[in-house]
Each structure stands twice: as C-alpha cells, then as structure tokens.
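Just so you know, these numbers come straight off a predicted model, no measurement behind them. Below, chain A is the first sequence line, B the second, and so on; all start at residue 1. These values consider heavy atoms only, across backbone and side chains, with no hydrogens, waters or symmetry-generated copies.
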Number of protein chains: 2
Amino acid sequence: MSTMTTASPDALAQRLADSGLRSTPQREVIYDVILRKRDHPTADEVYARVRADLPSISLATVYNCLETLVQCDLVRAVNFERAPTRYCPNLHPHAHFHDEQSGSIHDIQLPAELLEKISAVLPAGYDAKSLQITFRGKAQPAA
Amino acid sequence: MSTMTTASPDALAQRLADSGLRSTPQREVIYDVILRKRDHPTADEVYARVRADLPSISLATVYNCLETLVQCDLVRAVNFERAPTRYCPNLHPHAHFHDEQSGSIHDIQLPAELLEKISAVLPAGYDAKSLQITFRGKAQPAA
DNA sequence: CTTGCTACTTAGAACCATTCCAATTTGTTC
DNA sequence: GAACAAATTGGAATGGTTCTAAGTAGCAAG
C-alpha cells in the first residue's frame, strides 16, 4: 500500500486525470507554489506568488484551482477562527500551532497512538471522518 | 478553589461588574438565551430568539453583547470552517463534533488525562494558551 | 482543417458574516 | 438635574469568498 503524504509536482497531472480533469498551467503553478514554500499561505498570498510566473492570472482562478487541488487531495485547506483560509501540502495527520505574535502556523506531528486515543473518546454512534486540532499561543523561534 | 464551568444567570451581573461593565436588559436576555438552549446558536439565531423578548434589539447589539460575554468568560465562541461563529455556554475543556448531515454540534467530553497527553506533543518553546479539537462526520441520534 | 463540444479561465458583480460609525439613549454620579 | 460615561442603534462599510456570464483553449469527430 502506498501511503504517499506529500505528492511530487509530477503527481499533479496524474491525480487530475484520475478525476477527469485537465492539467493546466494555472493549476501547475499554484500547486508548485504551495509545495515550494510551506508556510500555509492564504489565497491572496498564493495569488501574489503565482503572479510572478503568470502575471495575468485572476484571483477567481486561484480560488478555483485551490478548490480543485483540495478535491483531488493534493492540498489541505485549514481555517483558524474566521481568518482567511490557508493551504497546506502536508497530508499527514497533524495538528497546527497558531502563533499569536507572528501569525505564523506550525505543523505539529501527532503520534498515531495519540490519534487513536483521541478518536476513542467519541461515544458510540459518532463516526468521525476528519479531526482538526489547533493550538494557539506563543512559539519561540526554535533554536 | 471554585471551578465553576457554567455560570448561572445570576453570575452575569457580577462578572460584568468585575470588568467594570453594566448589566443591561440586552446582555441579560442574550446570556439567558444561550444558557437555555445549548445548541451552539449563531449570532443570527441568537438575534431571532432574543427578539421574542426584546423586539427592537439590533443585530449590532447582539454582536456587541456576545463579544462582551466572550470577554467576560461566560460564553465561548467556536468556529467551524468559515461558517458563522457559534456560541457555547459550556466552559469545560471539551471537543466538538460537527454532524455533516444535520449541521448540529455536539459537545464531546475530554478526560483531563487525554488533554495532558495532547499538550505533551508540543515541542519545547511552544506555549499553548488554548486548544481546539473538532471532529466532523456522521452522528446517529443517540438511543 | 473546421465544426462542435466541454473544460477552464476571467473580470466583475454579488454575497454575507461581521465590524465600524455617528447619532441617540440610558444609566450613574456629583 | 447637569454632566459624563457606557451602551444601543441603524445603516454603511469591509473583506474573504462565490457566482455569473462571457470568452478562450484543447480535444474529437467528420
């Protein structure tokens, strides 16, 4: 069983084809931007970065493509409070730490053992498809 | 040590006074509405319920009062994806289960022991002030 | 090729939860 | 009961996101 958790840029065309979708320059560049700098950019930030390569891309297309990538399970959308949605290429199950000072987001690795324990708190009849864990606080720049 | 986790309606005036704020009819009714039906209403839903008692209240006031109650630690604001903020009088540390079918929210009790284990995954230098855990999936109506 | 089909992109309008603003109203204090 | 501060109000503004209608691009027969 292949448990790929962060697809390579090449995987994009394949994944899209699997869903009957086309590989387009816009989709490729957007996916590449998200893989390159894994700082959980917002749609606006993606838009700004992508324009370096595709100066005439529209914001609507950025939203459309991001949605497509999420559908194809190549990218994950994460929300903090009501702030703009952020996009994350890390497909491992993981938590997020939201640094209040800098606004930056850090991925926090979660042991599988802990994930099981967390899911175990659900009463009978609850069938969870996804789990989101978010810390908020202060993070010191790691030494 | 008093670990009150769901204040009574009477606690409102006291808490407000502690923060140098006034107890107003609007704040009282809104707090009462949230205590009465603990189904995690949105601001709009609170607005609708409060108007039974205060027909001339404005939506802006509902937002203002909810914000005040959150500041005074009488109510918690919870967000799911980018859906409207919901309000919750349960001040225990707890997780939420978001039922995709009905859209309803269920509180999930978390053992203190598990909370500790979760916080323990944070690397040195990370100081979490709050933790949010959200499940999404299907919940059967409990027997 | 070229006509037709469908997917994709685009600009701008629309949406909607929330916040802001400026003007009252209310309550409290001297 | 004048004066000051706090709270409420309606409506306008904000901002991330989605919608819409029109245009573009790529492929598939004929």
Q.
Between A/Phe135 and A/His106, is the ring centroid distance below 6.0 Å?
A. no
Q.
Given B/Asp107, which partner from the list B/His92, B/His40, B/Arg38 fulfils the side-chain hydrogen bond (donor to acceptor under 3.5 Å, both in side chains) test?
A. B/His40
Q.
Here's a test of your reading of the structure: between A/Val62 and B/Pro25, which maps to the more 5' nucleotide of DNA chain C?
A. A/Val62
Q. Which whole-number value in Å describes the distance from B/Asp44 CG to C/dC15 C1'?
A. 14 Å
**Q.** Touch class at under 4.0 angstrom, heavy-atom based, for A/Thr42 against every strand present
**A.** nothing
Q: For A/Thr61, report the nucleic acid contact type (base, sugar-phosphate, nothing); a contact means any heavy atom under 4.0 Å.
A: base
Q) Rounded to whole angstrom units, what separation is found between the CG atom of B/Leu16 and the P atom of C/dT28? A) 13 Å
Q) Is the side chain of B/Arg15 donor-acceptor paired with the backbone N or O of B/Leu69 at a distance under 3.5 Å, no angle test? A) no
Q. D/dG16 P sits how many Å from A/Leu66 CG, rounded?
A. 15 Å
**Q.** Atom-pair distance (CD on A/Glu67; C1' on C/dT10), nearest Å
**A.** 18 Å
Q. C/dT18, C/dG12, D/dT17: which one has an atom nearest the side-chain heavy atoms of A/Ala60?
A. C/dG12
Q. Quick one: which of D/dT9, C/dT28, C/dC8 gets closest to the side chain of A/Arg27?
A. C/dC8
Q | Nucleotide nearest B/Thr24 when distance is taken to its side chain, options D/dT17, C/dT10, D/dT8 | A | D/dT8
Q | Spacing of A/Phe80 atom CZ relative to D/dG16 atom C1', expressed in whole Å | A | 16 Å
**Q.** Closest-nucleotide 5' rank along DNA chain D - winner of A/Leu59 and B/Asn64
**A.** B/Asn64
Q) Which residue, B/Tyr47 or A/Ala43, contacts DNA chain D at a nucleotide closer to its 5' end, judged by nearest heavy atom? A) B/Tyr47
(Q) How many whole angstroms separate atom CG of A/Leu54 from atom P of C/dA11? (A) 12 Å
Q. Are B/Arg82 and D/dT17 close enough that a side-chain N or O sits under 4.0 Å from OP1 or OP2?
A. yes
Q) Is the shortest side-chain N to carboxylate O distance from B/Arg49 to B/Asp39 below 4.0 Å? A) yes
Q) Can a cation-pi geometry be assigned to A/Arg51 and A/Tyr47, taking NZ or CZ under 6.0 Å from the six-membered ring centre and within 45° of the ring axis? A) yes
**Q.** Proximity to the side chain of A/Ser58 - top-ranked nucleotide from C/dA11, C/dC8, D/dT8
**A.** C/dA11
Q) Which nucleotide sits closest to the side chain of B/Arg22: C/dT10, D/dT8, D/dA5? A) D/dA5
Q. Between atom CD in A/Gln26 and atom C1' in D/dG26, what is the gap in whole Å?
A. 13 Å
Q: Report the distance from atom OH of A/Tyr63 to atom C1' of C/dA11, rounded to the nearest whole Å.
A: 15 Å
